[in-house]
Amino acid sequence: MSKRFYITTAIDYVNGQPHLGHAYEKIIADVIARARRSLGQEVFFLTGLDEHGQKVQQAAIAEGKTPQAYCDELAADWTSFAKSLGLTNDDFVRTTDQRHKEFVQAILTRLNDAGHFYKATYTGFYSAKEETFLTQKDRRPDGTFDPIYGEVVELKEDNYYFRLGAQQQWLIDYIGANPDFIAPSYRRNEILGFLKNNTLEDLCISRPISRLNWGIPIPFDPNFVTYVWFDALVNYISIAAAHGDKAVLAATKSEIGNRKSEIELWPADIHVIGKDIVKFHAVYWPIMLKAMGLALPKQILAHGFWQKDGARISKSTGNVVEPVAIINEWGVDAFRFYVLRELDIGPDGNWTEAGFKSRYQAELANGLGNLVNRSLSMLKRYRNGIVPARSNELAADAAKAADETRALLKQSQLQAALQSIWGLVNRANQYVDQTAPFKLAKDPSQSQRLDEVLYNLAETCRVLAVLLWPFLPGTATKIYAQLGLAGSPDKLPAATWGGLQAGQVIGEPAPLFPRKDI
Ligand code: ME8
């Protein structure tokens, strides 16, 4: 078996319920995963939960639960959330999984044996809220620390450190030589700027159990647990190892558990993450991988942050978007469409209810929904639902949309692909208005012309179903069913014009996006 296209998301902290930002990231990864499958690649899509660390421990204590019980309860909500989003993930990692914990410990042992770690005493200012030590550079001009750090206390403690000193230059060279390694390019420039203008400090990879005990024990020192980021990043390879990935198993010389499969995954093709955690993925993670003797991921794809109504999303101020409530009211495809169409992968976005409703009405109900419904209803009414002979009037428009969509999907340009697809939706709606089939139907001498128009419309709907499948899988499947076609529109080569055969009997037209009073 050949190497799979391996795509991952950040694993989310289980210190509350999932929000819009979490949903957005997982949907991006799902669309890319579906698109690659549709293009004929074998794919492995991994998402999951980051369950250790102070944030989770504190949230559990606040609810009077043990961290494990707290995580178990929330993990059920998050896995059902993944289902509500329509995700096609192949595995779901929890960092409390035994398969992950054992692997992290094996890695720690090996890196320690190879001399990558040392123990040292550090005195400094510590923010429990952000789980980070602060330096003089973090002080504001008046000497205080930013309130985002919460209470800052002076701490003196022993810890284990990962040597990063010798690693800076090769990473700068690597990023320089691999322009697609960090995308979009402005994030790459930020990381290059950071690496060129700062000296990397060694990374503290442990936490004393006196301060934090909710973590993976450091195998060579029972007084410490693993720093949550060192634990979390490793999920991308611990799960590859759990599926029998040869590269990871060989590099880490690990033999854990009974592996049934031998799926080739590493290196990952894309790590989809948010802009706030690029440094962890583009600086620390590559250095960790190099120390383990593993190849670097091919791309770190960083998306922006959502706000709502121009303000930060925040549980405490109540400024939230409830993805599940939106999905229940409007359907998962409407939710997926809005976030992908509204926000390109990179910049920040702003959710407004008016914006959501306006895209629903204009692009889904009046655009795509209306096109499919009137095309198929007319075919039903005027031709008993039987597809007429092939005609190629819209073939060039459909081919243009299909070619563009294919190329854009390969570059993970999801918003641009949707724009291209809607170019075809709009062209076909315009074609209905220009050819006026309802008028042609009244004139028996125009019967052949009506056949042509109806074929072009029905075939355009079929092509649209194939192009839309990665984005709006439920809608695409409904369009196929309404066309009376068996199977799923899940193979991009099927977007070639002429797939609909004369004589095909279509199914029942039904509105895809019911119009709502808004
Ligand atoms: O950072 N808009 O977890 P997390 C868009 N456990 N994306 C957002 C967002 C927003 N408003 N808020 C958060 C963590 N995100 C770590 C990751 S990976 C080895 C460990 C994104 O729950 C954020 O950028 O705080 C990140 O990619 C993901 O949601 C999880 O954030």
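Values below: all heavy atoms of this structure, side chains included; hydrogens, waters and symmetry mates excluded. Because the structure is a prediction, the values reported are computed rather than measured. Just follow the structure's listing: the first ligand is 1, and inside any ligand the first atom is 1.
When each of Ile27, Leu364, Leu368, Val332 is paired with Phe337, the side-chain contact (heavy atoms from CB on, under 4.5 Å) condition holds for Leu364 and for no other.
Among residue pairs with one or both ends in residues 274-291, those qualifying as side chain to side chain donor-acceptor pair (under 3.5 Å) are Tyr236-His281, His271-Trp285, Lys275-Asp348; sequence neighbours excluded.
Legend: residues meeting ring pair (Phe, Tyr, Trp, His ring centres under 6.0 Å) with Tyr149, ordered by chain and number and at least two apart, are absent. Applying the side-chain hydrogen bond (donor to acceptor under 3.5 Å, both in side chains) test to Asp309 and every residue at least two apart in sequence or in another chain returns nothing.
Relative to the ring axis of Phe45, Arg34 does not place its NZ or CZ within 45° and under 6.0 Å from the centre.
Pocket lining of ligand 1, defined as residues with a non-hydrogen atom under 4.0 Å away: Ala10, Ile11, Asp12, Tyr13, His19, Gly21, His22, Glu25, Asp50, Trp229, Ala232, Leu233, Tyr236, Ile273, Gly274, Asp276, Ile277, His281, His303, Gly304, Phe305, Trp306.
Trp78 and Phe92 have their aromatic ring centers separated by at least 6.0 angstrom.
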